[in-house]
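Data first, discussion second: the structure below is written as structure tokens.
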Amino acid sequence: MDHLCFDTTKIDKIQDLRERGITVYPYKFERTDTVREIKERFADIGHDKSPDAVSTAGRVYVVRQHGKTIFADIGDADGRIQLYIRKNDLGEESFNLFRQYIDAGDIIGVAGHVFRTKMGEITIWVDRFELLTKSVCPLPEKFHGLKNVETRYRQRYVDLIMNEESRGIFRTRSRIISHLRQFLFERGYLEFETPTLQPIYGGANARPFTTYHNFLDQRLYLRIAPELYLKRLVVGGFEKVFEIAKNFRNEDIDTNHNPEFSMVEIYEAYQDYNDMMDLTEEVIVHLAGEVCGTTTLSFAGHELDITRPWHRLTMEEAVQEYAGISVRDHSIDELRTFAGEHGVRGFEDITTQGEFLALFFEHFGEKNLIQPTFIYDFPIEISPLAKKHRESEGLTERFELFIAGMEMANGFSELNDPLDQKARLEEQDARRRRGDLEAQMIDYDFICALGYGMPPTGGVGIGIDRLVMLLTGKDSIKEVLLFPQMKTALPGPDEDADEE
RNA sequence: GGGCCUGUAGCUUAGUCGGCAGAGCGACGGACUCUUAAUCCGUAGGCCAAGGGUUCAAAUCCCUUCAGGCCCGCCA
């Protein structure tokens with residue numbers, strides 16, 4: 001009936017404890033030191049008990065009973081420590097209470113003195129203990145821990161309890177985001193929050209999630225990007241802005257994609273895409289230094305050298321190098337033949353050189369870009385929000401960053417010509433009406449904003465999840481997302497499954 | 001959408017040329033006052049992911065479904 005993990009013998013213990021007048025879920029515990037503080041403070045302790053008393057708290061991981069003595073290991077947010085508990089010290093009643101009712105998984109507070117055992121381990125010689133939380137679910141095995149990938153993702157809390165490595169990844173994730181904010185604050189950028197629920201989605205080519213607001217009686221979309229709102233802020237006079245945004249895209253799930261993911265988007269007035277490439281390089285190298293302390297990263301079997309400056313290739317150069325063809329010098333028919341001969345798929349509907357350039361880059365180039373590489377000067381057809389190239393016809397001032405074959409960042413000299421933007425979005429909208437599910441809508445208010453005048457602006461978006469993957473060496477996005485999207489487990493036979 | 005792989009006790013798993021479903025840890029009971037994967041003695045715990053089929057006999061072979069992982073496609 002229920003899908004809970006509750007263990008009846010543990011629930012019985014709660015009953016017993018209550019009958020003995022013990023508060024099973026008390027409200028507060030005064031701890032003088034964390035585990036780490038104790039280990040640092042008493043690093044040189046000998047076999048005699050410290051004169052100073054300490055109190056600390058944590059989850060019980062292992063209990064080793066030895067008759068009138070008990071050893072137990074407890075762990076808090078950043079460490080584990082051993083407890084030494086003797087019947088002589090606690091008295092019969094308290095000692096038996098521990099012996100009978102404290103299990104691995106429970107959370108307790110202890111008070112005592114610190115000493116080093118004969119085996120050399122810093123240990124708390126416990127004078128008294130207090131049950132702080134009784135766990136009613138069995139902990140996974142102490143030695144092998146929790147390995148099952150599906151359970152680790154579905155019940156991340158158990159993963160975090162059991163696997164220090166997993167806890168480390170998310171600690172690192174938190175630090176990356178914190179250092180990122182600090183980096184940007186120190187350079188004078190302001191952080192803003194823009195709408196997640198949007199009447200018109202834009203800023204990227206992707207299928208949205210659709211929802212509905214009852215009071216407004218109106219369809220809304222979960223944002224696929226914050227871009228168009230952040231540019232409105234630049235119009236409004238904020239010259240250096242950023243947002244760390246959750247984006248939502250209704251696409252497939254794989255090793256590099258989760259339907260909701262985090263991105264930092266940064267915009268700066270009076271800058272262009274060259275400046276944004278510099279900024280991207282600088283911020284990633286800075287974060288690697290803060291978090292990994294190095295400029296050499298190992299990822300999926302590759303040694304990545306992120307020392308600046310990074311490679312920069314135009315898309316045409318990349319296609320020339322990896323596909324061996326100069327798109328500019330061939331007719332559409334020739335390009336079509338080339339695509340067919342090289343097993344490139346999806347070229348049937350393509351009618352322009354620019355689209356072929358992008359297609360060939362994706363097919364031949366992307367996966368080869370292991371060391372950090374900026375690809376720049378993208379075709380205009382696939383870049384509706386990027387400014388036309390100052391010299392080259394048919395191209396835009398847009399770049400993407402690739403590391404280990406992953407797209408890590410995307411930026412441009414932002415299109416700020418309102419008439420051009422209107423024409424480009426109208427073209428997108430026409431495609432959408434022709435059935436391109438990922439083409440953009442026309443956001444007339446955004447075009448209106450540009451109409452008031454946006455200064456020349458550079459912008460970039462950096463995928464935070466992939467950046468965390470890179471800096472933690474994890475080649476699956478699910479390993480760096482606390483709660484990756486999973487298919488809901490089927491309801492039990494007693495529940496109503498159908499509701500159509 | 002295509003391919004490969006996985007699903008056995010709370011956890012980690014053995015068993016898959018078809019022949020009674022095993023272990024370690026954990027739980028429960030007992031012994032033990034410096035152990036640390038503590039040790040020792042004992043007990044309980046399984047619809048072998050679900051459903052169907054082949055067979056005298058299925059965890060094992062076949063089909064379908066569910067969930068997950070990896071690769072490819074798709075996603076610019």
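Residue numbers start from 1 in every chain, and the chains themselves are labelled A, B, ... in the order their sequence lines are given, proteins ahead of strands. Bear in mind the structure is a predicted one, so any value in this text is a computation, not a measurement.
Between A/D420 and A/K387 there is no salt bridge, since none of the side-chain N atoms of the basic residue sits less than 4.0 Å from a carboxylate O of the acidic one. The residues A/K13 and A/D103 are annotated as salt-bridged, a charged nitrogen and a carboxylate oxygen being separated by less than 4.0 angstrom. We find that A/D159 and A/R156 are joined by a salt bridge, their nearest charged nitrogen and carboxylate oxygen being less than 4.0 Å apart. A/D78 has no carboxylate O lying under 4.0 Å from a charged side-chain N of A/R167, or vice versa, which leaves the two without a salt bridge. Electrostatic pairing of A/R41 and A/E37 does not count as a salt bridge here, judged by no charged N lying under 4.0 Å from a carboxylate O. The pair A/D429-A/R433 counts as a salt bridge, with a side-chain nitrogen and a carboxylate oxygen less than 4.0 angstrom apart.
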- Query: Given A/E479 and A/S476, is the side chain to side chain donor-acceptor pair (under 3.5 Å) satisfied, shown in steps?
  - Reply: CA-CA 6 Å; A/E479 291 291 345; A/S476 166; 5.7 Å; no
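Residues forming a ring pair (Phe, Tyr, Trp, His ring centres under 6.0 Å) with A/F71 (at least two apart in sequence, or on another chain): A/H66, A/Y84.
For B/G1, the paired nucleotide is B/C72, the pair qualifying as Watson-Crick or G-U wobble because both relevant distances are below 3.5 Å. Nucleotide B/U39 forms a pair with B/A31, judged by Watson-Crick or G-U wobble geometry with both contacts under 3.5 Å. The pairing partner recorded for B/G7 is B/C66, the criterion being a Watson-Crick or G-U wobble arrangement whose two distances lie under 3.5 angstrom.
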- Message: Each nucleotide in nucleotides 7-13 of chain B should get exactly one letter: B, S or -. Can you fill that in based on protein heavy atoms under 4.0 Å?
- Response: ---SBS-
- In 5'-to-3' order, the base (B), backbone-only (S) or no-contact (-) status of each nucleotide in nucleotides 46-51 of chain B, using a 4.0 angstrom heavy-atom cut-off, is ------
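Proximity of A/K487 to the phosphate of B/C66: no side-chain N or O atom is located under 4.0 Å from OP1 or OP2. The shortest distance between the side-chain N/O atoms of A/K68 and the OP1/OP2 oxygens of B/A31 is not below 4.0 Å. Using a 4.0 Å cut-off, no side-chain N or O of A/T117 falls inside it from OP1 or OP2 of B/U36. Side-chain N/O atoms of A/R154 include one lying less than 4.0 angstrom from OP1 or OP2 on B/G68. At least one side-chain nitrogen or oxygen of A/T255 sits closer than 4.0 Å to the OP1 or OP2 atom of B/C71.
Less than 4.0 Å separates RNA chain B from no heavy atom of any residue of residues 155-169 of chain A.
Applying the side-chain hydrogen bond (donor to acceptor under 3.5 Å, both in side chains) test to pairs two or more places apart or on separate chains, those with a residue in residues 318-328 of chain A are A/E316-A/R328, A/S326-A/D329.
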Please list, one pair per line, the donor and acceptor atoms closer than 3.5 Å that link side chains of residues 120-128 of chain A to other protein atoms, with sequence neighbours excluded.
{"from": "A/T123", "atom 1": "OG1", "to": "A/Q82", "atom 2": "NE2", "distance (Å)": "3.0"}
{"from": "A/T123", "atom 1": "OG1", "to": "A/E121", "atom 2": "O", "distance (Å)": "2.8"}
{"from": "A/W125", "atom 1": "NE1", "to": "A/D89", "atom 2": "OD2", "distance (Å)": "2.7"}

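Evaluation of atom-type donor-acceptor distances gives no pair under 3.5 Å for the side chain of A/E121 against the base of B/U35.
For A/F338 and A/H342, the distance between ring centers is under 6.0 angstrom.
Comparing the same atom, C1', in B/C41 and in B/G52 gives a spacing of 47 Å after rounding to whole Å.
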